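Counting starts at 1 for both ligands and their atoms, following the listed order. Model, not experiment: these values are computed from the prediction. Computation of the quantities below employed the complete heavy-atom set of this structure, encompassing side-chain atoms and omitting hydrogens, waters and symmetry-equivalent molecules.
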Amino acid sequence: MPSLSADNAKQYSDNQKLAARARINSKYTVAEIGWFPWVAKQLPLQAGHRVLDTGCGPRWFWAASVGKWPEGLDLILADLSPGMVHEAVERCRVLPFRSVQGQQANASALPFEDRSFDAVIAMHMLYHVPDPAKGIAEMFRVLKPGGFLAVTTNGADNMRKMYELTTVFGCAPSDPAAAAFGFDTAQRLMQGQFGNVSMALHPAGLRITDPEDVFLALTSYPPGDEASEAHLADLRRAIAEAFEQGNGILEVEKQVGLFISRKIA
Ligand SMILES: C[S@@+](CC[C@H](N)C(=O)[O-])C[C@H]1O[C@@H](n2cnc3c(N)ncnc32)[C@H](O)[C@@H]1O
């Protein structure tokens with residue numbers, strides 16, 4: 001399948017495609033605590049911190065976890081896509097931050113001074129960066145001594161039951177994000193750059209009841225977004241069979257993790 005780092009503008013020029021994937025998570029996740037509040041609770045943020053949120057996307061994260069992070073943060077929202085930056089700033093400027101700024105920026109060459117942030121957050125974005133080690137080195141560079149980097153990504157078994165359906169397109173039956181930047185790679189690259197890393201797994205699964213949401217999610221990124229009519233018909237058949245086997249429900253295990261490294265002073 002095409003590289004996840006290719007054609008970012010097509011995938012993220014607006015939030016429609018990302019929304020199809022996010023919807024399946026927000027609508028069907030079975031978890032004691034949702035993903036965004038779970039992450040927010042674990043970030044060692046303090047009032048007054050200057051925070052870079054790189055690959056911010058439309059930034060539902062901050063809106064979904066108000067009260068789980070301290071007020072008085074200075075937030076810089078950065079993304080390769082100007083449309084994402086605009087939407088994220090609009091969403092976050094009404095939240096209880098001390099200041100919110102947006103900046104179009106490539107994580108491989110961050111346009112920020114050395115040692116200028118207390119925290120860098122890179123959630124579900126390093127699998128899009130062609131050389132994630134370079135991205136992590138940039139994040140290390142812009143962190144102040146004592147600051148931390150928080151990265152989230154997927155493991156190789158994430159939502160396997162859904163990805164098995166994409167074999168109709170000739171894809172591997174596993175999460176392409178994890179193939180590009182999965183748990184092992186996150187652990188190895190962050191340990192290599194920072195000399196320390198801790199990992200936590202969000203306990204969650206999906207209980208999907210509407211086959212159409214699976215179809216929309218799997219056709220929101222390559223190659224499903226450009227599949228032929230014949231392949232789309234195969235996908236619909238495979239989805240229908242999976243729901244039939246589960247008596248109308250598709251139970252899917254998730255494997256999503258948070259990695260934190262600290263820049264030793
Ligand atoms: C899957 S979305 C994640 C959005 C958000 N961080 C979240 O967790 O919901 C990936 C985001 O990374 C951005 N992105 C891709 N490559 C990038 C790069 N090299 N530098 C900065 N952002 C990038 C995309 O434009 C997109 O908004």
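Nearest-residue assignment for atom 25 (O) of ligand 1 (options Thr54, Val85, Asp79, Asn106; heavy-atom criterion): Asp79.
Surrounding CD of Glu253 are at most 12 heavy atoms belonging to other residues, nucleotides or ligands under 6.0 Å away. Other residues, nucleotides and ligands contribute at most 12 non-hydrogen atoms within 6.0 Å of the CD atom of Glu113.
For the ligand labelled ligand 1, residue Ser108 lies outside the 4.0 Å heavy-atom shell.
Taking every non-hydrogen atom of His124 and a distance limit under 4.0 Å, the qualifying atoms of ligand 1 come out as 1 (C), 2 (S), 3 (C), 10 (C). Every atom of ligand 1 with a heavy atom of Arg59 under 4.0 Å away is listed here by number and element: 5 (C), 6 (N), 7 (C), 8 (O), 9 (O). If you number the atoms of ligand 1 from 1 as listed, the ones under 4.0 Å from a heavy atom of Met125 come out as 12 (O), 20 (N), 21 (C), 22 (N), 23 (C). Taking every non-hydrogen atom of Tyr127 and a distance limit under 4.0 Å, the qualifying atoms of ligand 1 come out as 1 (C). With ligand atoms numbered from 1 in the order given, ligand 1 contributes 4 (C), 27 (O) to contacts under 4.0 Å with heavy atoms of Gly57. Atoms of ligand 1 lying under 4.0 Å from any heavy atom of Met123, numbered from 1 in the order shown and given with element: 3 (C), 5 (C), 6 (N), 7 (C), 8 (O). Counting atoms of ligand 1 from 1 in the listed order, those under 4.0 Å from a heavy atom of Val129 are 19 (N). Here is the list of ligand 1 atoms found below 4.0 Å of a heavy atom in Ala105: 20 (N), 21 (C).
If you look at Ala78 next to ligand 1, there are no close heavy atoms at all, none under 4.0 Å. Contacts between Trp35 and ligand 1 below 4.0 angstrom, taking non-hydrogen atoms only, are absent altogether. Contact annotation for Met84 and ligand 1: only side-chain heavy atoms (C-beta onward) come within less than 4.0 Å of the ligand.
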Stepwise side chain to side chain contact (heavy atoms under 4.5 Å, CB included) check, Val252 with Tyr28: CA-CA 10 Å; Val252 179; Tyr28 298 112; over 6 Å; no

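The aromatic ring centroids of Trp62 and Phe97 lie less than 6.0 Å from each other. Taking the ring centroids of Phe194 and Phe148, they lie at or beyond the 6.0 Å cut-off. In this structure, Trp69 has its ring center no closer than 6.0 Å to that of His49.
Going from atom CG of Asp74 over to atom CZ of Phe117 covers 10.0 Å, rounded to the nearest 0.5 Å. For the atom pair OG1 (Thr153) and CE (Met199), the distance works out to 9.5 Å, reported to the nearest 0.5 Å.
The aromatic rings of Tyr127 and His124 sit perpendicular, their planes meeting at an angle over 60°, well past the 30° parallel limit.
The N/O atoms of Ala107, backbone and side chain alike, include one that comes under 3.5 Å of an N/O atom in ligand 1.
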